[in-house]
Amino acid sequence: MINIFKEIYSYREMISSMVKRDLRGRYKGSVLGFFWTFLNPLLQLAVYTFVFSIIMRAGIEDYYLFLFVALVPWNYFASCITGGASCIIGQQNLVNKIYFPREVLPIAHVLSQLINMLLSFIVVILVLIVSGKGINIFVWPYLIVVILQETLLGFGLAMLFSAITVYFRDMEWFLGIITMAWQFLSPVMYSVDMVPERLVKLFYLNPMTPIIVAYRDIFYYKKAPELQDFILGTVFGVIVLVVGWLVFGKMKKHFAEVL
Amino acid sequence: MKDGNAIEVKNIKKSFKVYLDRSSNMKDFVIHSKRRRYEYRDVLKGISFDVKKGEAIGLIGHNGCGKSTTLKMLAKIMYPDSGSIEIQGRVSSLIELGAGFHPDMSGRENIYINASIFGLSKKEIDKRIDGIIAFSELEDFIDSPVRTYSSGMYMRLAFSVAINVDADVLLVDEILAVGDANFQAKCFRKLREIKAKGTTIVIVSHTLTQLEEICERTIWIDEGLIKEEGSPREIHRHYAKFMSDFSLARSADEADGEEQEDDSAIEQTKKENNKEMEIFNVQLFDSEGKERYNYVTGERALLKFDYMAHVPDRVSMELVILRNDGLECYETNTFREGFPLMDVDGKGHVEIEIDKLNLITGEYWIELSIRNWDAVPYDYKEKAATITITSVERERGIAKLDHTWHFSHKEK
């Protein structure tokens, strides 16, 4: 167990070059290039603002901001799952021919998505300031913990699904629909208050619920997250990570035979 | 692990699931799911060997014998079903070249990506980068995107990275065939250098010459078991013999019942080519009169061929032997050897007796031509036959020169 951590650490250069390759390679060839990283969330915001402030008026104040501060973290989570599922089969040439700790691939995938989200947060913060909503720097330390929780969760699921997808290719396609359903079942587009009383408990079994709520507390309500969300988010993150890690560890030995 | 050993392989076994007919669509999958038939194919049936520190060994065997699977297990890409593999020190495998190359990134950036996949840290790559670039001879292109490279340049870059990864144990799979002859020679020199530094090397190759140059020992794997193990030249001789018997048996099977077709096929090509003269039926026989294309240096061989002259003329005939990299090893013709131009008309048969096939290990092409008085060829068979020569001594060069050593040491 200790050995594998040591080994992954010794392959840190591979992780960083895979991340660089992914981030720099993503928009290669497009005219706006890396600028898309910022443009993408901004355009998304424009669409949501148009739809929800002009066409379908929601009863929530500054709904576009309410949605936007949750949507950016959600996109990070969704890409951990859907992109993560194919991170092993997408690199089958490497897996088939070269030895390296297989964990490197999901780690690199999640890190590159994380960096993407952090860059999007620059846009989020600028929008919050420009819109007059304002920011509260004093609650930002909590942000680090929430990001960490979400990363544990995303990484655990990326490991789980990337390993399963090697054996069961249809997983990749199932996950597309699963993440869509998951988004609607998480308080991304609405607040937890809108959920019927008797379902709230059930609602909190969704590991993304406390995380989204915490993000919104920090950015939208400019306050510290509730302690219970904090604990719940951590517990979920750790459990999912352990499960993902174990399943991945069990399956990785046969990757090269199946691919 | 015993002292002085770098690798210990103990009784490893491996089998793969082989599907007899894989369902191609959902309907088949559902309907026949209960009858999906597969069987286990034993690829390795219990292989054990040790490799000493600093030793170089070669793994040989025909396709599908399990040698590549063995190498993949040494590289920890696959794991044995049973048995154990122990390796001491850092392992680097030259199995896949150019892993992770991104076409839009520069040669330099790709060196970093590729080397990091081999497990090098940034510091280690920084230290090696100049050496890698110099070795690749791509100094002028190193900051251009890799997609602008020719395939030769691409392979040169890839190989330079791979071979500059220092390791205690180096695993090599059939990749010394990259680039032009010059670069190959350079790679080979580098491999020797690496070996001289005390690196343990395991090579899988079909090119027996290369193995003989670098390995102390060859392990011949056949049908998942070690068939023979020992000094390369001895094993290679057995292996070459085994392979030629094997292919001969197979071609004999195929030949039955096809002979008649062959003749009509010749007629056919004759008409199509509309050649005035033609060479065909080029065959090589050994001293026992058996058709054979694998020889040991110094063996006797008989080259036979037929010709058909559709027009009468006076001709000479030419024989050239080339090494498979294009080097001309021997050239002669009947005219030069003092035969007058020969009158030919219709079918004829020629035999060339070669008392001693004094070529050194390698693959050679035989070229035959039939020419008019002005040396213009009527027919010119570029690769009339391909022969493989295995040299018993570990000599190098092109040809064996018969020689004797005489010593007269003065007593002090």
Side-chain angles (χ1 to χ4, degrees), chain A residues 3-4 6-30 33-34 87-88 90-105 107-109 111-112 166-170 173-174 249-259, chain B residues 14-19 26 29 41 43 68-69 71-81 87 90-106 109-126 145 147 158 161-162 165 167 169 171 173 175:
Chain A
N3 280 339
I4 179 79
K6 257 193 207 157
E7 207 180 7
I8 292 172
Y9 180 71
S10 75
Y11 272 81
R12 62 193 178 281
E13 180 61 21
M14 177 176 179
I15 296 175
S16 91
S17 60
M18 298 293 282
V19 171
K20 266 184 243 162
R21 204 183 77 144
D22 184 46
L23 289 175
R24 297 196 37 200
R26 187 177 300 169
Y27 300 112
K28 266 259 152 83
S30 61
F34 198 68
C87 74
I88 302 284
Q91 300 287 350
Q92 45 180 296
N93 267 339
L94 292 190
V95 176
N96 266 333
K97 298 287 176 65
I98 293 181
Y99 173 78
F100 55 87
R102 305 311 189 199
E103 288 80 2
V104 162
L105 293 176
I107 290 175
H109 175 76
L111 280 184
S112 111
V166 171
Y167 296 87
F168 184 60
R169 297 289 172 105
D170 307 44
W173 310 111
F174 280 129
K250 194 107 188 137
M251 290 177 140
K252 67 178 177 184
K253 288 195 167 188
H254 300 286
F255 283 169
E257 291 162 37
V258 184
L259 286 173
Chain B
K14 183 80 188 170
S15 61
F16 292 114
K17 228 185 224 181
V18 182
Y19 287 90
M26 200 71 176
F29 182 85
R41 201 163 60 87
V43 178
S68 290
T69 307
L71 202 71
K72 278 189 170 178
M73 290 190 183
L74 291 175
K76 288 199 285 179
I77 295 168
M78 288 183 186
Y79 298 81
D81 294 338
I87 300 184
R90 179 182 194 158
V91 182
S92 173
S93 59
L94 305 197
I95 296 180
E96 171 81 346
L97 290 177
F101 270 22
H102 194 296
D104 284 328
M105 294 193 171
S106 72
E109 290 169 311
N110 273 307
I111 291 176
Y112 275 91
I113 295 176
N114 191 217
S116 73
I117 293 172
F118 286 118
L120 262 56
S121 68
K122 183 153 189 327
K123 246 191 228 153
E124 288 172 306
I125 305 173
D126 286 339
R147 76 182 130 78
V161 180
V165 175
V169 176
L171 309 172
D173 189 4
I175 51 168

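Chain identifiers are assigned alphabetically (A, B, ...) following the order of the sequence lines, protein sequences preceding nucleic acid strands; residue numbering begins at 1 within each chain.
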Using a 3.5 Å distance criterion without hydrogens, assess whether the side chain of Tyr167(A) forms a donor-acceptor pair with backbone atoms of Met251(A).
yes
Specify which of Arg24(A), Gln91(A), Lys253(A) makes the most heavy-atom pairs with chain B at under 4.5 Å.
Lys253(A)
Under 3.5 Å, is there a donor on one side chain and an acceptor on the other for Ser10(A) and Glu7(A)?
no
Between Glu124(B) (side chain only) and Ser121(B) (backbone N and O only), is there a donor and an acceptor less than 3.5 Å apart?
yes
Within the distance-only criterion (no hydrogens, no angle test), does the side chain of Asn110(B) pair as donor or acceptor with the backbone N or O of Ser106(B) below 3.5 angstrom?
yes
Where on Val95(A) is there a heavy atom nearer than 4.5 Å to chain B: the side chain, the backbone, both, or neither?
backbone
Under 4.5 Å from any heavy atom of chain B, what part of Ile98(A) do you find: side chain, backbone, both or neither?
both
Contact class of Lys72(B) relative to chain A, heavy atoms under 4.5 angstrom
side chain
So, does Asp81(B) use its side chain to make a donor-acceptor pair with the main chain of Ser15(B) at under 3.5 Å?
yes
Examine whether an atom of Tyr79(B) lies under 4.5 Å from a heavy atom of chain A, and if so say whether it belongs to the side chain, the backbone or both; otherwise answer neither.
both
So, the part of Leu171(B) with a heavy atom under 4.5 Å from chain A: the answer is neither
Residue part contacting chain B, namely of Lys20(A), when any heavy atom lies under 4.5 Å
backbone
Would you call Glu257(A) and Lys14(B) a salt bridge, taking side-chain N to carboxylate O under 4.0 Å as the test?
yes
